[in-house]
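Report on one structure; see the data block that follows.
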Amino acid sequence: MIAFAGLLERLLFAPGRNAKIALLRRYFATVPDPDRGLGLAAITGDLSLTAAKPALIRALATERMDPELFALSYDFVGDLAETVALMWPGTASHAAPALAEVVATLQRTPKSALPDVVAGWLDGSDPGVRLALLKLITGGLRVGVSARLAKVALADLSAGRVSADDVEETWHGLTAPYADLFAWLEGRAPRPDPREAPVFRPLMLAHPLEDEPLDPATLRAEWKWDGIRVQLVATAGGRRLYSRGAEDISAAFPEIIAAMDFRGVLDGELLVVRHGTVAPFADLQQRLNRKSVTARLRQDFPVQVRLYDILFDGAEDLRPLPFDTRRTRLEHWFTRTLPARMDLSEMIAFDTMDHLTALRDGARAAAIEGLMLKRADSPYLAGRVKGMWWKWKRDPLTLDAVLMYAQRGHGKRSSYYSDFTFGVWREDGVLVPIGKAYFGFTDAELAFLDKWVRDHTTQRFGPVREVAPALVLEIAFDAAQASTRHKSGVALRFPRIARIRTDKPAAEADRLETVMRLATGG
């Protein structure tokens with residue numbers, strides 16, 4: 001645990017991407033198996049430890065500390081694990097357990113015995129190791145490291161023999177503690193054979209279109225739909241539906257899995273579609289992040305995949321082929337296969353960039369996010385390759401809203417109020433929340449907002465503060481959608497803080513009826 005604790009602490013304060021990669025590479029190169037593999041699984045979110053809950057940690061803390069002092073400290077720090085790690089009255093009295101021992105103990109110990117086990121670990125650890133233990137137990141490992149960044153660091157172990165994309169494609173056929181993966185990367189064993197496992201392939205991504213000259217004759221255009229990008233993988237070893245971040249979301253969409261009666265790998269957009277019309281993203285959210293779905297949800301929010309590309313046809317890898325060739329192969333595959341719950345993305349005819357501009361400007365009226373532009377000769381390459389694909393989204397909408405609530409962030413922001421709930425005025429003069437934003441502002445603006453929240457707090461609800469309705473925020477967003485999940489009846493798509501309007505009185509912020517008109521297309 002000592003090495004893992006040191007890694008977490010350094011990652012938290014590492015200044016940038018390259019520094020984090022160097023820290024991860026050093027950890028993987030110096031920590032023995034199985035601890036390094038378990039640390040990798042913990043950082044990438046592939047280690048599930050559900051026996052000990054945050055409530056157990058709170059109960060232990062209130063037994064060992066003054067409850068009022070703990071509550072005040074927790075409110076100030078804003079992070080349960082950090083608060084307990086700093087306030088725990090024990091002193092390091094014996095060697096900290098190995099990471100593998102912690103994982104094995106949490107997996108096999110009866111629930112009734114866990115409080116004594118965890119308390120013993122905390123008693124025998126210094127604050128740094130305590131923090132790592134508590135983060136591991138509560139699942140709060142937010143250290144600014146993506147799974148992709150970890151795979152880049154893993155590839156570095158091979159001294160150039162293996163790329164991060166090779167690691168990505170091998171990763172999903174393996175499980176923690178990844179002994180076979182490390183043996184391959186270090187040249188001690190051949191590449192692990194997934195044996196027809198339905199593994200994820202890195203997606204090709206697009207750059208935002210900026211002011212750059214493009215030749216329309218070299219481009220192909222498609223609509224950019226407001227769903228989630230997915231990869232469908234069907235092999236002799238099984239069927240999987242992956243998100244763009246390589247998360248297996250198969251359980252939430254069993255009807256898509258049932259329709260994958262083929263062998264191949266496809267790229268597309270997951271959408272809720274009713275009677276041929278794409279529903280708002282808010283409808284798709286009803287199905288996301290679920291481990292299972294009811295028949296009622298499946299009926300009320302029917303999903304399908306709009307296919308963009310084909311990566312594998314059976315065992316044949318089509319990724320090196322030009323886009324035009326892959327598109328023709330996709331059309332032939334679709335005609336041959338006729339898969340249920342799938343259709344083909346429309347190829348948009350155009351002559352000039354002005355023609356494309358007009359199409360893009362009309363996208364909002366058609367409830368479409370914008371356009372995708374792809375070079376006709378582009379192979380399917382992993383990652384965001386410059387000069388190949390572009391996304392050209394419609395301009396964002398804006399409104400003036402009033403700050404209502406604030407909550408502390410995580411990681412480097414755990415000491416700042418950085419998650420902001422905002423609202424607009426109802427006809428009866430009541431302020432109702434319509435969304436939450438936690439980005440779009442500079443560090444200096446964050447410091448201003450944090451101080452403003454502390455100075456204007458009217459009530460506290462655990463880690464959340466209610467503030468006086470006096471500060472106006474200009475909110476940029478992509479769309480407004482009717483939503484039964486919110487008191488206001490509306491939700492915003494991708495809200496972010498565009499500007500702090502200290503010049504505008506709160507009474508002059510926007511009204512709910514204005515937002516509802518956007519949601520209904522009125």
Side-chain angles (χ1 to χ4, degrees), residues 1-13 23-24 26-28 30-67 69-71 73-74 76-143 145 150 175-179 410-411 414 463:
M1 277 302 301
I2 294 176
F4 183 65
L7 173 67
L8 294 186
E9 183 176 3
R10 292 180 178 88
L11 285 173
L12 189 61
F13 295 103
L23 289 168
L24 290 166
R26 187 178 307 120
Y27 177 81
F28 298 143
T30 57
V31 173
D33 295 322
D35 275 26
R36 61 176 173 175
L38 292 170
L40 169 62
I43 289 169
T44 56
D46 290 327
L47 184 63
S48 179
L49 300 172
T50 59
K53 306 289 186 182
L56 181 150
I57 306 303
R58 291 191 190 92
L60 287 175
T62 53
E63 287 175 6
R64 296 291 190 99
M65 311 169 199
D66 178 88
L69 177 60
F70 173 72
S73 300
Y74 182 23
F76 181 80
V77 175
D79 183 276
L80 176 65
E82 186 175 352
T83 305
V84 175
L86 293 171
M87 293 187 66
W88 192 261
T91 56
S93 56
H94 52 267
L99 179 56
E101 178 187 343
V102 171
V103 172
T105 302
L106 289 173
Q107 290 173 336
R108 67 172 182 251
T109 301
K111 187 175 181 180
S112 59
L114 277 174
D116 289 340
V117 171
V118 174
W121 285 339
L122 297 177
D123 284 340
S125 304
D126 62 31
V129 174
R130 282 184 208 138
L131 181 60
L133 279 165
L134 293 167
K135 289 289 187 182
L136 194 66
I137 291 170
T138 59
L141 289 171
R142 298 181 181 89
V143 289
V145 173
T175 56
Y178 308 113
H410 300 283
S414 61

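Inter-residue side-chain proximity for Ser125 and Met1 is flagged as unmet; no heavy-atom pair is nearer than 4.5 Å. Side-chain contact between Tyr27 and Leu11 is absent, with no heavy-atom pair separated by less than 4.5 Å. Put simply, the side chain of Glu82 reaches to within 4.5 Å of the side chain of Leu86, judged on heavy atoms. Taking 4.5 Å as the limit, every side-chain heavy atom of Ile137 sits out of range of all side-chain heavy atoms of Val102. Looking at heavy atoms from C-beta onward, Leu60 lies out of side-chain contact with Val84 at the 4.5 angstrom threshold. Annotation: side chain of Val31 is not in contact with side chain of Phe4 (no heavy-atom distance under 4.5 Å). Using a 4.5 Å heavy-atom cutoff, the side chains of Trp121 and Arg130 are not in contact. Considering only heavy atoms from C-beta on, Leu122 stays 4.5 Å or farther from Arg64 through its side chain.
One finds the CG atom of Leu99 at 9.0 Å from the CG atom of Leu133 (value rounded to the nearest 0.5 Å).
With Thr62 contributing its side chain and Ala59 its backbone, the two residues share a donor-acceptor pair below 3.5 Å. Not a single donor-acceptor pair under 3.5 Å links the side chain of Asp33 to the backbone N or O of Ala179.
Within 6.0 Å of the CG atom in Leu80, the count of heavy atoms belonging to other residues, nucleotides or ligands exceeds 12.
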